Amino acid sequence: MLSAPVIQVLRSRNKSANRFSRVSICIIAAFFLASLFSTGCADTLKNIRFYRPEPAPPDQSELDSKAEELINIYIDSVKRWDYDSAMDALDELTAINARMYYPLDFYRSFLYLRLGKYDESLELINLLSPGYFNTDFLQARAEIYKSMRRYDESVGDLEKFITATGTEKSYPLYLYRQVAMEIGNADKAKEMLDLLVRNHPLDRYTLFCRIYEALDNRDFATAEDVMQRLASMRITDEGGMFDSEFYSVYLIFARARMAYEQGEIDRAIDILKAIPDSWEYMTGAWTTLAWVEMAHGRFAEAKILCLEGIARFGGTDHLINLGYQLPASTTDMKNPTRFLRHDTVASLFANLGMLELMEGNIDSAISCAETALSINYYETSAYEVKSSALELKGDIDGAISVAISGLTKNKYSGSLIRAYAELAKSAPAAVPQGSPSAESMLSDEMKRCENMCRVYTENLKAVSYTHLTLPTKRIV
């Protein structure tokens with residue numbers, strides 16, 4: 001049961017929520033797609049096989065063979081989202097001074113990004129010699145900026161990339177669409193999708209975008225049609241590194257999303273629960289499951305999933321420090337990750353904080369939010385949890401301060417903007433001088449939401465796939 005003060009705060013926060021209700025579809029889409037389908041790894045790693053050993057006498061051929069072996073381990077590990085093993089292989093490649101197509105720190109930056117260590121990832125990219133900084137690096141940095149919620153800088157790099165290369169590559173267009181969706185620029189999102197459809201009609205990114213575009217518009221027939229076509233294709237990236245089996249997990253997420261949109265919540269949960277059995281390191285299954293359970297009032301189940309996920313992905317010590325008892329299911333947990341998955345664990349701690357807030361455990365909620373921010377201070381939802389908890393404690397000054405801090409990390413967070421606006425309206429004197437205008441931020445957010453509503457309540461323009469012959473060669 002929710003405590004009365006929590007209900008009062010949530011009702012207050014939801015007074016203006018009706019006009020955003022259609023946009024909740026886009027929020028769900030972002031949760032199922034943007035946080036899960038980060039598969040630019042194929043594009044980022046496509047040149048890793050181009051090992052360039054120094055000219056060496058015959059007795060060093062064993063060293064060259066070792067480098068090739070380590071490269072294969074690295075690629076296979078990334079395909080399984082096993083970044084522990086990938087990092088081990090990269091460390092060994094560094095130890096033998098292997099010369100790759102790009103500097104080894106480029107590939108290390110990629111792993112840091114996947115581990116949620118965004119600052120370290122960006123630092124490595126920016127330290128690389130300008131002579132190496134070609135368009136592939138712009139794409140990599142744009143994805144880092146996106147993960148850091150530094151959307152304007154992400155857009156800047158993507159614009160430079162597209163200016164330099166045109167539309168010959170699909171992933172930058174896909175990434176640009178993701179950024180546009182997250183900042184509420186529906187027109188730009190549609191523009192990027194149109195470019196994908198026109199220039200890369202059978203590309204994996206195009207087809208996944210078409211699936212989610214159809215689901216955004218509740219066009220289940222189109223979504224089903226594209227999913228079936230995608231499932232029947234032999235999808236292979238350039239270099240042959242990532243095949244249909246790798247991408248099939250994203251079709252499972254799409255199936256779960258469709259079940260969710262159709263109101264079949266139990267079926268969506270069952271679909272998602274099957275993922276960890278086959279893809280044990282796929283973090284998205286845990287965060288999405290916990291969110292779906294929580295969104296539908298299944299707080300006990302959501303709490304167990306949060307605790308399991310945190311323990312699974314390197315956060316056990318943080319749980320122990322907060323005094324949590326690990327679920328019995330974690331006793332026999334196989335192969336928990338050594339490296340902390342900062343983004344995933346922070347997200348799960350934010351969810352755990354929200355659950356504590358729902359139960360009226362305000363201090364525990366604050367502790368969870370602070371732990372989330374200590375792990376990944378870009379986790380916007382943790383700011384919202386802490387701000388709400390401080391508001392419930394009567395610390396309005398603190399609640400406003402936390403909301404402003406969160407908005408400095410992500411000025412496009414609709415939920416945090418609305419929380420800040422409600423606080424500023426109820427206690428205008430508590431807003432520090434020189435703070436962002438809550439009224440202006442809310443107005444801009446409403447315009448973005450109205451734009452999203454305008455675009456995503458239109459019927460999908462019919463895009464026929466029946467005339468497209470399924471290719472017999474690899475799809476690049």
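What you are looking at is a predicted structure, and each value in this text was computed from that prediction instead of being measured. Quick note: residue numbers are just sequence positions, from 1.
Side-chain atoms of Leu289 and Glu308, non-hydrogen and from C-beta on, never get closer than 4.5 Å to each other. Side-chain contact between Tyr383 and Ser405: present, with at least one pair of heavy atoms (C-beta onward) separated by less than 4.5 Å. Within the 4.5 Å cutoff, no side-chain heavy atoms of Trp291 are placed close to those of Met354. For the pair Leu127/Asp105, no side-chain contact is recorded, criterion being any heavy-atom separation below 4.5 Å from C-beta on.
Between Glu422 and Lys425 there is no salt bridge, since none of the side-chain N atoms of the basic residue sits less than 4.0 Å from a carboxylate O of the acidic one. Salt bridge status for Lys411 with Asp152: present, with a side-chain N to carboxylate O gap under 4.0 Å. No salt bridge links Arg341 with Asp84; every basic N to acidic carboxylate O contact stays at or beyond 4.0 Å. Between Arg108 and Asp91 there is a salt bridge, since at least one side-chain N of the basic residue sits less than 4.0 Å from a carboxylate O of the acidic one. One finds a salt bridge joining Arg114 and Glu143 here, because a Lys/Arg side-chain nitrogen approaches an Asp/Glu carboxylate oxygen to under 4.0 Å.
Donor-acceptor pairing under 3.5 Å is lacking for the side chains of Asn410 and Ser413. Tyr260 and His296 share a side-chain donor-acceptor pair at under 3.5 Å.
To the nearest 0.5 angstrom, Asp157 atom CG is 4.0 Å from Arg141 atom CZ. The structure places CZ of Arg204 at 10.0 Å from OH of Tyr171, a figure rounded to the nearest 0.5 Å. Atom CG of residue Asp194 and atom SG of residue Cys209 lie 11.5 Å apart, to the nearest 0.5 angstrom. Taking OH of Tyr112 as the reference point, atom CG of Leu115 lies at 8.5 Å (rounded to 0.5 Å). One distance of note links NZ of Lys386 with OG of Ser381; it measures 14.0 Å at 0.5 Å rounding. Remark: Asp82 CG to Phe339 CZ distance equals 10.5 Å, nearest 0.5 Å.
Checked against a 6.0 Å centroid threshold, the rings of Tyr151 and Tyr412 count as neighbours.
Remark: side-chain polar atoms of Thr288 are not paired, donor with acceptor, to backbone N or O of Ala285 under 3.5 angstrom. Although no hydrogens or angles enter the test, the distance criterion places a donor-acceptor pair under 3.5 Å between the side chain of Ser367 and the main chain of Asp363. Remark: the backbone N or O of Lys188 is paired with a side-chain donor or acceptor of Asn185 at under 3.5 angstrom. With hydrogens and angles ignored, the 3.5 Å screen pairs no side-chain donor or acceptor of Ser347 with any backbone N or O of Asp343.
Atom NZ of Lys409 sits in a crowded spot, with more than 12 heavy atoms from other residues, nucleotides or ligands closer than 6.0 Å.
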Ring pair (Phe, Tyr, Trp, His ring centres under 6.0 Å) between Phe208 and Tyr205, intermediate numbers included: CA-CA 5 Å; Phe208 273 106; Tyr205 298 120; 8.2 Å; no
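Remark: of the listed residues Leu128, Ile144, Leu104, Ile144 is the sole one forming a side chain to side chain contact (heavy atoms under 4.5 Å, CB included) with Ser109. Remark: of the listed residues Glu191, Glu213, Glu182, Glu213 is the sole one forming a salt bridge (Lys or Arg N to Asp or Glu O under 4.0 Å) with Arg177.
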Give every donor-acceptor pair under 3.5 Å between a side-chain atom in residues 314-324 and any protein atom, sequence neighbours left out.
{"from": "Asn321", "atom 1": "ND2", "to": "Asp317", "atom 2": "O", "distance (Å)": "3.2"}
{"from": "Tyr324", "atom 1": "OH", "to": "Glu356", "atom 2": "OE2", "distance (Å)": "2.5"}

Report, one line per pair, each donor and acceptor closer than 3.5 Å where one atom sits in a side chain of residues 430-440; sequence neighbours left out.
{"from": "Ser435", "atom 1": "OG", "to": "Pro432", "atom 2": "O", "distance (Å)": "2.7"}
{"from": "Ser437", "atom 1": "OG", "to": "Ser440", "atom 2": "N", "distance (Å)": "3.1"}

